[in-house]
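Notes to accompany the following structure.
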Amino acid sequence: GENVEQHPSTLSVQEGDSAVIKCTYSDSASNYFPWYKQELGKGPQLIIDIRSNVGEKKDQRIAVTLNKTAKHFSLHITETQPEDSAVYFCAARINDMRFGAGTRLTVKP
Amino acid sequence: DAGITQSPRHKVTETGTPVTLRCHQTENHRYMYWYRQDPGHGLRLIHYSYGVKDTDKGEVSDGYSVSRSKTEDFLLTLESATSSQTSVYFCAIGPGLAGANEQFFGPGTRLTVL
């Protein structure tokens with residue numbers, strides 16, 4: 001089945017800096033790549049997603065890029081704010097959704 | 001949380017006892033999912049449903065069963081709980097329409113098996 005690896009496991013940045021989280025997937029048939037943000041004690045919240053026929057998607061300070069040839073996709077957060085601190089999960093889907101292990105992002109004021 | 005509730009939110013039980021977790025949605029989505037979340041593993045699919053009485057296994061289904069008798073409710077049962085099933089359980093829903101792959105998660109249930 002699909003295997004998703006996510007790096008780094010922890011990331012600490014200064015407020016205002018950019019943060020980048022990277023994921024790789026194993027099955028070239030995967031066609032949907034969402035990113036979730038999970039705050040402490042809450043369920044994961046979908047923040048952005050991309051489909052395999054698109055290379056990049058932006059939503060305000062958040063962007064996702066997809067490289068199908070290399071089978072990797074990345075989440076970019078610009079102008080980070082303390083409220084961006086959370087655990088972020090990537091996922092890849094053919095039929096089932098397979099998740100990365102998560103990245104704990106800390107934004108220092 | 002996209003019209004999804006889970007009950008109970010917290011439960012402590014003993015090894016060998018049966019446990020049922022409930023997921024309720026108000027979005028009328030066709031697909032419902034049960035995941036478990038453990039440190040270092042992200043979220044792993046246990047079972048999912050693609051309609052009333054239609055269910056299938058996920059990646060980590062051993063020791064779990066599910067039932068869906070109504071569109072809005074999806075139950076997860078641990079027939080005889082073990083300590084390895086201590087985890088946080090999340091329900092998710094999705095429209096399941098062609099080209100619509102989104103899944104939306106509930107608030108989670110923290111289960112501790114002693």
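Within every chain, numbering begins at 1; the chains are lettered A, B, ... in the order of the sequence lines, protein sequences first and strands thereafter. A quick note: this is a predicted structure, and the numbers were derived from the prediction, not measured. The basis for the numbers below is simple: all heavy atoms, side chains too, and nothing from hydrogens, waters or symmetry mates.
- Few gaps surround CD on E83(A); more than 12 heavy atoms of other groups in view lie less than 6.0 Å from it.
- When the shell of 6.0 Å around CD of E15(A) is examined, it contains more than 12 heavy atoms from other residues, nucleotides or ligands.
- Contacts of Q38(A) with chain B are made by side-chain atoms alone, with heavy-atom separations under 4.5 Å and no backbone atom involved.
- Residue R9(B) qualifies as enclosed at atom CZ: its count of foreign heavy atoms under 6.0 Å is above 12.
- Hydrophobic clustering of Ile, Leu, Val, Met, Phe, Trp and Tyr side chains at less than 4.5 Å, counting indirect connections, unites I48(A) with Y25(A).
- For the set H41(B), R110(B), Q103(B), the count of heavy-atom pairs under 4.5 angstrom toward chain A peaks at Q103(B).
- In the hydrophobic cluster analysis, where Ile, Leu, Val, Met, Phe, Trp and Tyr join through side-chain heavy atoms closer than 4.5 angstrom, V87(A) is grouped apart from I21(A).
- In this structure, F105(B) CZ and F89(A) CZ are separated by 9.5 Å, a value rounded to the nearest 0.5 Å.
- Among all heavy-atom pairs drawn from G40(B) and A101(A), the shortest one is O-CB, 3.6 Å.
- At a heavy-atom separation below 4.5 angstrom, chain A is approached by L43(B), L45(B), Y48(B), E59(B) within residues 43-61 of chain B.
- Residues of residues 71-90 of chain B that come within less than 4.5 angstrom of chain A, heavy atom to heavy atom, are F90(B) in numerical order.
- When the shell of 6.0 Å around CD of E79(A) is examined, it contains 12 or fewer heavy atoms from other residues, nucleotides or ligands.
- If you chain together hydrophobic residues whose side chains sit under 4.5 Å apart, Y36(A) and I47(A) never meet in one group.
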Q: Could you walk me through whether E102(B) and Y32(A) pass the side-chain contact (heavy atoms from CB on, under 4.5 Å) test, one step at a time?
A: CA-CA 9 Å; E102(B) 298 90 343; Y32(A) 175 69; 3.5 Å; yes
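- V20(A) and Y88(A) fall into different hydrophobic clusters, where Ile, Leu, Val, Met, Phe, Trp and Tyr side chains are chained together by heavy-atom contacts under 4.5 Å.
- Counting non-hydrogen atoms of neighbouring residues, nucleotides and ligands closer than 6.0 angstrom, the CG atom of L114(B) exceeds 12 such neighbours.
- Between Y35(B) and M97(A), the closest side-chain pair of non-hydrogen atoms falls below 4.5 Å.
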